[in-house]
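Hydrogens, waters and symmetry mates are skipped; everything else that's a heavy atom, side chains included, is used.
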Amino acid sequence: MPKLTISSTVKLNSGYELPRLGFGVFQIPAGTVQKHCETALQYGYRHIDSATEYCNQGPAAQSIASAGVPRNQAFFTTKIPFNHHEPRLSYENAHTLVDVALKDTGLSYLDLVLIHAPYGGPVNRKGAWRALVECVEAGKIRSIGISNYGVHHLNELEAYIQELEAERGKGKGGVISVGQWEIHPWLCRKDVVQWCQERNIAIEAYCPITRGLKLNPKDGGQVKEPLLRALSEKYGKTEAQILLRWSLQSGLVPLVKSEKNDRIKENCEIFDFELDGAEVDELATEEYTWVSWDPTLEPLEN
């Protein structure tokens, strides 16, 4: 396997390239997000992950130009919201939200748009997917995918893509390029990972450092995760860097967020060491402990 660098990418089913490290902007205020994204871009990140729900997609995307990064060297993601928010997930609203995202960001195209979560029921999930397919065909979006889907939602979508192809013609049902989930050693999601790997779908991991909840205390207190501490000491890296390296070497695309310049820099300094295969395997647990939320468990009717 080629040595990973901050410039490494994974080729998507759409044919485009996705940078292997992403800068997430969840809960970063709109008034400061452009500054933090500029910092990330200056350190070498080329992948920004936002969402309609975050209320910061405009200034997050505007950092690309203000940082002096050519548009074709930056990858910008947004997500259309689900039925817990207005406007609710539907065919019509998906079209509207893509147009709003283009206006907010000032971009001529969006690199990736995801359905943020599977809430909304089969009709609305399918309608939103069809709208995204049509937006790809219109040149508004380059790649599309989903977030927080369980395997049952993924199976539903795959069947719907086949229905669309029967109705619209071969290749016109859309291509799932990316799936995004909370994934880390305490929530490995082997079922969705296997489903995606069998279909060459890129897997993005949010909360890759567990929002710090699994990091050991820095004051010499009780060790919660001895293996994590031992690897940190062995490689001379922070525990957060060990977790990000685990994510990369597990074939994932980690999305990491910070509002501190030193942490933004630290989180991308993960390409000068490698865990060995046994360490990657040993870090992975059989736990099912999420730190954010877990829509993957929702029934299809929700």
Side-chain angles (χ1 to χ4, degrees), residues 6-7 9 12 16-82 85-87 94 96-117 132 135 140-148 177-182 202 204-209 211 244 253-268 292:
I6 198 167
S7 300
T9 61
L12 302 177
Y16 293 99
E17 300 284 340
L18 172 71
R20 288 291 309 271
L21 178 67
F23 185 70
V25 298
F26 176 58
Q27 291 186 332
I28 299 182
T32 60
V33 71
Q34 183 170 344
K35 174 185 68 175
H36 296 308
C37 288
E38 285 177 2
T39 299
L41 291 167
Q42 289 161 1
Y43 283 130
Y45 295 77
R46 288 296 181 266
H47 174 184
I48 296 171
D49 180 83
S50 185
T52 300
E53 184 192 355
Y54 301 171
C55 300
N56 62 13
Q57 62 183 354
Q62 288 154 20
S63 69
I64 298 170
S66 61
V69 174
R71 176 66 184 97
N72 64 0
Q73 294 180 22
F75 192 101
F76 185 80
T77 299
T78 193
K79 312 176 193 75
I80 57 173
F82 42 93
H85 300 267
E86 296 293 346
T96 298
L97 289 165
V98 168
D99 289 338
V100 168
L102 288 167
K103 182 179 179 182
D104 285 350
T105 61
L107 300 176
S108 60
Y109 64 88
L110 302 165
D111 292 281
L112 175 65
V113 177
L114 306 176
I115 298 175
H116 204 148
L132 294 186
C135 287
K140 298 177 180 180
I141 305 172
R142 287 189 165 182
S143 304
I144 56 178
I146 46 76
S147 180
N148 297 302
S177 287
V178 176
Q180 184 181 122
W181 290 270
E182 177 185 335
E204 295 182 336
Y206 66 82
C207 296
I209 59 174
R211 294 183 174 171
L244 290 172
V253 177
L255 308 172
V256 65
K257 166 214 166 182
S258 181
E259 296 176 66
K260 297 180 179 179
N261 288 1
D262 57 342
R263 291 284 179 81
I264 294 172
K265 182 174 184 287
E266 174 189 303
N267 289 337
C268 69
S292 177

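- Rounded to the nearest 0.5 Å, atoms CD1 (I144) and CG (D111) are 13.5 Å apart.
- Proximity of a side-chain donor or acceptor of S143 to a complementary backbone N or O of L112 within less than 3.5 Å is not detected.
- Separating the OG atom in S258 from the CD1 atom in I209 is a distance of 8.0 Å, to the nearest 0.5 Å.
- With F76 as the fixed residue, the side-chain contact (heavy atoms from CB on, under 4.5 Å) test singles out one of Q57, H47, R46: Q57.
- Between the side chain of N56 and the backbone N or O of I28 there is at least one donor-acceptor pair closer than 3.5 Å.
- In this structure, CZ in R263 is found 13.5 Å from NE2 in H36, a value given to the nearest 0.5 Å.
- In this structure, P19 and V253 approach most closely via the heavy-atom pair O-CG1, 3.4 Å.
- Two residues are said to be in side-chain contact when any heavy atoms from C-beta on lie closer than 4.5 Å; Y206 and N148 meet this criterion.
- Each of P59, S63, S50 was checked for a side-chain contact (heavy atoms from CB on, under 4.5 Å) with C37, and the lone residue meeting it is S63.
- At least one donor-acceptor pair closer than 3.5 Å links the side chain of K257 to the backbone N or O of F26.
- In terms of heavy atoms, L12 sits closest to A202 at CD2-CB, 3.6 Å.
- Listed for the T105 side chain is no donor-acceptor partner under 3.5 Å among the backbone atoms of G58.
- Of all heavy-atom pairs spanning Y54 and K79, the tightest one is OH-NZ, 3.4 Å.
- Nearest heavy-atom pair across C55 and A30 is O-CB, 3.5 Å.
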**Request:** Apply side chain to side chain contact (heavy atoms under 4.5 Å, CB included) to R142 and S177, showing your working.
**Result:** CA-CA 10 Å; R142 287 189 165 182; S177 287; over 6 Å; no
**Message:** The test is side chain to side chain contact (heavy atoms under 4.5 Å, CB included); show your working for F75 and E17 and say whether it passes.
**Reply:** CA-CA 9 Å; F75 192 101; E17 300 284 340; over 6 Å; no
**Request:** Given side chain to side chain contact (heavy atoms under 4.5 Å, CB included), test I80 with L132 step by step and report yes or no.
**Result:** CA-CA 10 Å; I80 57 173; L132 294 186; 4.2 Å; yes
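- For the atom pair OH of Y43 and CG of L21, the computed distance is 14.0 Å after rounding to the nearest 0.5 Å.
- Of the possible polar contacts, none joining the N267 side chain to the V256 backbone as a donor-acceptor pair under 3.5 Å is found.
- Note: I115 CD1 to I146 CD1 = 8.0 Å, rounded to the nearest 0.5 Å.
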**Asked** Given V113 and K140, is the side chain to side chain contact (heavy atoms under 4.5 Å, CB included) satisfied, shown in steps?
**Response** CA-CA 10 Å; V113 177; K140 298 177 180 180; over 6 Å; no
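- Contact check for S147 versus E204: no side-chain heavy atoms found under the 4.5 Å cut-off.
- Taking every heavy atom of both residues into account, L244 and P254 meet most closely at CD2-CB, 3.9 Å.
- A distance of 9.5 Å separates CG in D262 from NZ in K265, rounded to the nearest 0.5 Å.
- A side-chain contact (heavy atoms from CB on, under 4.5 Å) with I48 holds for exactly one of T78, L41, V33; it is L41.
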